[in-house]
Structures are given as structure tokens and as C-alpha cells.
Amino acid sequence: MIAVMGRELPLPIAAGIELHAKARKEIDMQKRELLVGVTAPILLAIFVLLFLSSSAAAQTPQSEPPWGPETPNFNLEVILRGEGFGRVKFRQPNDDAFIVYLDVWLRDLAPNTSYLLQRAVDTNVDDNCTSTAWLTLGKGLQPQSITTDATGAGREELFRTLPALPGSEFDIHFRVIEEETSAVVLTSKCYQFTISQ
């Protein structure tokens, strides 16, 4: 007789229980080894793949944005102040067309009124816009009105072809005038612009 778990059992039964317990321990150990043997390589493979993909992403050149880089000043965010407020996104795409796009937003101006956007360029690049040779902007060479709604807000998408002189720099400033009276209602500070290629 052998005592197993506080009970006296005949020797064959006790030996069978002990053998069963050893077999279960052996099976549990094999399961653990199998789990570790399978899990460790999988985790290592995942780690290696993550590392390689992050390294490749760091080395792969990013696709270029549709607009020229910000430095030097290929793109401008022009703010106009005065009787109201205006903003012009002045953008030249990364292509060989040499076209600059001007997305114009106006607000807090007279309602139901037509305005024009003008620019003057100074080739003496010193952040001091002295030119008064104002050119009215529009759709290419055709001037385009920006008409406000009943709340005094207006928006227009304009464009202009630039001279094909990549790398040329100039000072530029903008103003908005009332179309009927030519009264200046908004002006900008002086900006520098570089023609992209």
C-alpha cells in the first residue's frame, strides 16, 4: 500500500496514478517547448520584418508634393489687411509649365461688390517692395473680378504664366482694389518669391 494524496492505495493503482502524473508533466513540458519553439521564431521574424520595413521606409524617397518646396520661397501664403481681410495661396507646381496659381479668399468687405487682385514686382531683392507697377491678375492674361456675396466674402481661383527663368528671385506685394472706383481696400506686406523649375 502506498499513500497517495492522503489515501492508502494498492501498489498497482498508486503506480498508475504516479505514472499518469509523470506523463501529464511530460506532455505539459512538451507543449511548453513546442510553444516556445514556435513562438520565438515567429516573434523574431515579425521583429525583423518590422525593422526592415521601417528601414526601407526611411530610405525610400518620398513622392514629391505637387507644389514646389517652401525654401527658397516657391510658394507663398499672402495675407492682405485693410478694410477687411484677404488671403492668397500663391503656388507654383513642380512641373515645367511655369504657371503660378493664386487661390484668393476675401472677407469682411462690402457685400455684392467686385474687386480686383493686383501685384507689383521689384527685382531688387531686399524685402523692400518699392515698385508701383501694378498688374491686375486673373485667368492668365485676362483680368478676373472677385465678387463678394451678401456677407462680404468672395473667392476666386486665378493663375498667371511666369517667365521661364527658373531660380529667378523677386520681391512681390499685393493689393485688392474695388473694381468700380479703383479704391485700395487691402494690402499685403513684401514677400520674396523664387521661380521653381
Side-chain angles (χ1 to χ4, degrees), residues 57-58 60-197:
T60 302
Q62 300 296 322
S63 62
E64 290 191 20
W67 307 109
E70 296 298 328
T71 304
N73 303 309
F74 295 113
N75 296 319
L76 302 176
E77 196 79 22
V78 177
I79 302 298
L80 299 130
R81 300 184 189 277
E83 294 179 21
F85 178 82
R87 186 177 70 163
V88 179
K89 278 190 167 185
F90 191 87
R91 301 282 186 263
Q92 183 190 358
N94 287 327
D95 59 22
D96 57 358
F98 295 102
I99 295 176
V100 68
Y101 294 89
L102 303 101
D103 293 332
V104 185
W105 292 273
L106 304 176
R107 71 168 198 233
D108 303 327
L109 293 174
N112 305 311
T113 305
S114 292
Y115 295 93
L116 297 169
L117 177 67
Q118 297 183 323
R119 66 93 174 130
V121 170
D122 184 353
T123 55
N124 182 21
V125 183
D126 60 359
D127 286 322
N128 184 22
C129 291
T130 56
S131 174
T132 56
W134 294 102
L135 174 74
T136 299
L137 299 168
K139 308 269 184 181
L141 297 175
Q142 181 64 41
Q144 175 64 47
S145 301
I146 306 161
T147 304
T148 56
D149 60 17
T151 67
R155 182 174 182 184
E156 195 64 56
E157 293 182 3
L158 311 176
F159 67 90
R160 177 128 181 108
T161 302
L162 299 171
L165 300 169
S168 297
E169 297 179 309
F170 49 84
D171 285 342
I172 187 169
H173 59 139
F174 298 84
R175 70 181 186 180
V176 172
I177 63 170
E178 188 178 330
E179 188 170 14
E180 188 176 318
T181 65
S182 295
V184 177
V185 294
L186 300 174
T187 59
S188 79
K189 68 175 190 171
C190 189
Y191 293 86
Q192 285 187 2
F193 183 74
T194 305
I195 298 177
S196 180
Q197 52 185 359

Check for a donor-acceptor pair, side chain of Asp171 on one end and backbone N or O of Asp126 on the other, with a separation under 3.5 Å.
-> yes
In this structure, OG1 of Thr148 is separated from CD of Glu178 (nearest 0.5 Å) by 9.0 Å
Worksheet item: Just wondering, do Val88 and Leu117 contact through their side chains at under 4.5 Å, heavy atoms?
Response: yes
Output yes when Glu156 and Lys139 qualify as a salt bridge under the 4.0 Å nitrogen-oxygen rule, no when they do not. yes
CD (Glu179) and OG1 (Thr147) are apart, to the nearest 0.5 Å, by 7.0 Å
CG of Asn112 to OG1 of Thr151, rounded to nearest 0.5 Å, is 9.0 Å
Of all heavy-atom pairs linking Ile99 and Gln92, the shortest is O-CG, 3.6 Å
Show your reasoning for whether side-chain contact (heavy atoms from CB on, under 4.5 Å) applies to Leu141 and Arg160. CA-CA 7 Å; Leu141 297 175; Arg160 177 128 181 108; 3.3 Å; yes
Hey, does the Lys NZ or Arg CZ of Arg91 hover above the aromatic six-ring of Tyr101, less than 6.0 Å from the centre and inside 45° of the axis?
-> no
Value for CG (Leu162) from CZ (Phe170), rounded to nearest 0.5 Å, stands at 6.0 Å
Do Leu116 and Ser145 come close enough that some side-chain heavy atom pair is under 4.5 Å? yes
Practice prompt. Measure from the side-chain N and O atoms of Asp122 to the backbone N and O of Val125, and report whether any donor-acceptor pair falls under 3.5 Å.
Written response: no
Give a yes or no answer on whether the side chain of Thr194 reaches the backbone of Ser168 with a donor-acceptor pair at less than 3.5 Å. no
Between Leu186 and Leu109, is a side-chain contact (heavy atoms from CB on, under 4.5 Å) present by the stated rule, with each step listed? CA-CA 9 Å; Leu186 300 174; Leu109 293 174; 4.2 Å; yes
So CZ of Arg119 and CG of Leu135: to nearest 0.5 Å the spacing works out to 4.5 Å
### Task
For the pair Val121 and Ser131, evaluate side-chain contact (heavy atoms from CB on, under 4.5 Å) and give the outcome as yes or no after the intermediate values.
CA-CA 6 Å; Val121 170; Ser131 174; 5.7 Å; no
- Query: Do the side chains of His173 and Lys189 get nearer than 4.5 Å, heavy atoms only?
  - Reply: no
Applied to residues 78-116, the disulfide (SG to SG under 2.5 Å) test, sequence neighbours excluded, yields none
- [ ] Examine distances only and state if a side-chain atom of Asp103 and a backbone atom of Leu158 form a donor-acceptor pair shorter than 3.5 Å.
- [x] no
inquiry  = Is the distance between the ring centroids of Phe90 and Phe174 under 6.0 Å?
reply    = yes
Looking only at heavy atoms, the pair that brings Tyr191 and Cys129 closest together is N-SG, 4.2 Å
### Query
Are any non-hydrogen side-chain atoms of Val176 and Ile146 less than 4.5 angstrom apart?
no
Quick one, Leu106 with Val185, criterion side-chain contact (heavy atoms from CB on, under 4.5 Å). Give me CA distance, side-chain angles, the key distance, then yes/no. CA-CA 11 Å; Leu106 304 176; Val185 294; over 6 Å; no
Taken to the nearest 0.5 Å, the spacing of Asp127 CG from Cys190 SG works out to 6.0 Å
